[in-house]
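Only a predicted model underlies this, so the values are computations on that prediction, with no experimental measurement involved. Keep in mind that the numbers below use all heavy atoms, side chains included, and drop hydrogens, waters and symmetry copies. We count ligands from 1, going down the list as the structure has it; atoms in each ligand are counted the same way.
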Amino acid sequence: MNDKRTAAAGGDAGSPRHVSAARDADAASAAVVFGDAWRYAPAPEARDHVKIAPRYDLFIGGAWRAPASGRYLDSISPSTEEKLCEFAEASEQDVDLAVQAARTAYEKRWSRLRPLDRGKYIYRIARAIQEKARELAIVESLDGGKPIKESRDVDLPLAAAHFFYHAGWADKLEHAFPGRRPRPLGVAGQVIPWNFPLLMAAWKLAPALAAGNTCVLKPAETTPLTALLLAKIIEEADLPPGVVNVVTGAGATGAAVVGHPGVDKIAFTGSTEVGKRIQRALAGTGKRLTLELGGKAANIVFEDAPLDQAVEGIIRGIFFNQGHVCCAGSRLLVEESVHDALLHKLRERMATLRVGDPLDKNTDVGAINSRAQLEKIQDLVASGEREGAARFTPRCALPERGYWFAPTLFTGVAQSHRIAREEIFGPVLSVLTFRTPEEAIEKANNTMYGLSAGVWTAKGSKSFWVAQRLRAGVVWANTFNKFDPSAPFGGYKESGFGREGGRQGLLAYLEVD
Ligand code: NAI
Ligand code: MG
């Protein structure tokens, strides 16, 4: 494990980790053998070209405005607990101004623009994201705690790709829905979470703008920075004032966006709890709604699967990004005959994961996004131990400051355990077994969620057979957590409704008859 910037036993509840790891003889030996073999010299990303202002105001009507209340919140770096900046807390009054600005921009400018010209603006945003990709990736890792490998190689390229993809649709909407008459909805209110701050902003803004809507975007309170830098990009791209407005703040600001009568459509990504509250608040208002909520994805490994490849997919699916992924493969379903072989490989691989400084290019697992999230993970892991599952956490020294949780695996998990049912949203994997494909499907579908799933098998026909029976919006075969803007993404059941990406994603921002 990564042993730079270490303390004896920081982060994750200290000693219980070591006690439970030591219980597992296999675990301890794997950690010793592999931990030492994978020591890397620190390779920190340079921060010198990154400019974070001490304070950010609200981006409303193309201008930066102080919040009516005069109140500001702090954004900190979860890897060091250092304060990065202050950002405005928008009240109902500020949200009202933003919605008015968006309405005026919709009626006077954006809906009157030739679709081709809308496309040019969106294309310009995409290019600017590419040009500033390095700075944006660093800020994303600083503000949110995710490893630079992820922000640089996944979040940034995908965010740009979403704008490029939707720039192309702007003047082709009639071809997306031939014989029908696609029209924009008006003003879209968009509330996004902290796990993919810039990418979720791109997922929301790009299709809305391409379809001809204007937007009021509310980033999460622990990760406002890249959305604010995106607002600067949008300003520099010279979009008509008010087409995109960014209002920062916490839950109350989100609720003000959701509840504003001048908003025609709400797009929300976040917790199932808040999603349900929003659905109740919007009932009967006529506002359109899409919800992308939690998940408890099953990664199903059959005995004929390429096990080494599966191990990489499992690791990517739950440990990279600290498990802060709604479609994370948080339940591993293994065919009994390969359970021991797969678990042996998995433990060995886990012992090589490097946890630490998100700005280090060697880091696999970064910081937990907030103290509240760390406490939620600790609580669920403690419940797993109490309910009788066997815990494995490789020996791992964690940095002294900041919020950290070492990659953790539970075997002997029953379907009734909380760790098998609830979204942990942390680097914690629950392993269950099955004997027949039918049993695998039944267990995979035995959840209130239905966002994603994975199937690992050498037989193409088997993966299709399984995929057809899984109640999940996305099913990956022999891979995991792969995205493309042309592929629609969204859930079943309590994972929400509506799709983002692809032709289907455009529908969420259009009236089509
Ligand atoms: P959250 O759902 O409270 O936050 C998501 C966004 O909604 C933030 O921008 C927040 O300010 C806003 N918000 C909060 N209350 C609101 C309200 N009443 N009306 C409108 N907007 C509101 O999620 P939180 O508390 O940060 O995380 C809790 C759990 O939710 C996590 O542990 C995880 O299990 C899950 N989660 C799922 C995500 C996903 O991508 N599906 C993303 C983030 C969290
Ligand atoms: Mg932060």
Contact bool for atom 19 (N) of ligand 1 (protein heavy atom, d < 4.0 Å):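 At least one protein heavy atom is under 4.0 Å away.
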Protein contact for atom 25 (O) of ligand 1 (heavy atom, distance under 4.0 Å):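 Protein heavy atom within 4.0 Å of atom 25 (O) of ligand 1: absent.
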T223 backbone or side-chain N/O/S under 2.8 Å from the Mg ion (ligand 2):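 For T223, the answer is no, given that no N, O or S atom comes within less than 2.8 Å of the Mg ion (ligand 2).
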The Mg ion (ligand 2) reached by L142 (N, O or S, under 2.8 Å):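 It does not: L142 brings no N, O or S atom closer than 2.8 Å to the Mg ion (ligand 2).
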When you measure from [atom] to every protein heavy atom, which one gives the shortest distance, and what is it?
atom	answer
atom 8 (C) of ligand 1	I192 O, 3.5 Å
atom 30 (O) of ligand 1	S271 CB, 2.9 Å
atom 39 (C) of ligand 1	C326 CB, 3.4 Å
atom 13 (N) of ligand 1	G251 CA, 3.7 Å
atom 35 (C) of ligand 1	E423 OE1, 3.4 Å
atom 3 (O) of ligand 1	V274 CG2, 3.6 Å

Salt-bridge contact [X]-[Y] (side-chain N to carboxylate O under 4.0 Å):
X	Y	answer
E494	K296	no
E273	R277	yes
R134	E131	no
E140	R152	no

Ring geometry between F59 and W64 (parallel below 30°, tilted from 30 to 60°, perpendicular above 60°):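 The rings of W64 and F59 sit tilted, inter-plane angle from 30° to 60°.
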Ring geometry between W169 and Y165 (parallel below 30°, tilted from 30 to 60°, perpendicular above 60°):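 Aromatic pair Y165/W169 classed perpendicular.
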[X]: numbered ligand 1 atoms lying under 4.0 Å from its heavy atoms:
X	answer
Q373	31 (C), 32 (O)
W194	24 (P), 26 (O), 27 (O)
K376	29 (C), 31 (C), 32 (O), 33 (C), 34 (O)

S91-S69 side chain donor-acceptor pair, cut-off 3.5 Å: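 No, no side-chain donor-acceptor contact under 3.5 Å.
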Min heavy-atom dist P219 to ligand 1 below 4.0 Å: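 Heavy atoms of P219 do come under 4.0 Å of ligand 1.
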F268 near ligand 1 by a heavy-atom separation under 4.0 Å: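 Contact present.
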What do we get for [X] next to ligand 1 when only non-hydrogen atoms under 4.0 Å count, side chain, backbone, both or neither?
X	value
A372	neither
H324	neither
E221	side chain
L293	backbone

Test ring pair (Phe, Tyr, Trp, His ring centres under 6.0 Å) applied to Y509 - qualifying residues, sequence neighbours left out: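 Y509 satisfies ring pair (Phe, Tyr, Trp, His ring centres under 6.0 Å) with no residue once adjacent residues are dropped.
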Heavy-atom closest pair, residues D57 and P67: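 The answer is OD1-CD, 3.8 Å.
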List the atom pairs, with distances to 0.1 Å, where a side-chain N or O of residues 82-90 and a protein N or O form a donor-acceptor pair under 3.5 Å, not counting sequence neighbours.
residue: E82; atom: OE1; partner: T80; partner atom: OG1; Å: 3.3
residue: K83; atom: NZ; partner: D74; partner atom: OD1; Å: 3.3
residue: K83; atom: NZ; partner: E86; partner atom: OE2; Å: 3.0
residue: E86; atom: OE1; partner: R55; partner atom: NE; Å: 3.2
residue: E86; atom: OE1; partner: R55; partner atom: NH2; Å: 3.0
residue: E89; atom: OE1; partner: R71; partner atom: NE; Å: 3.0

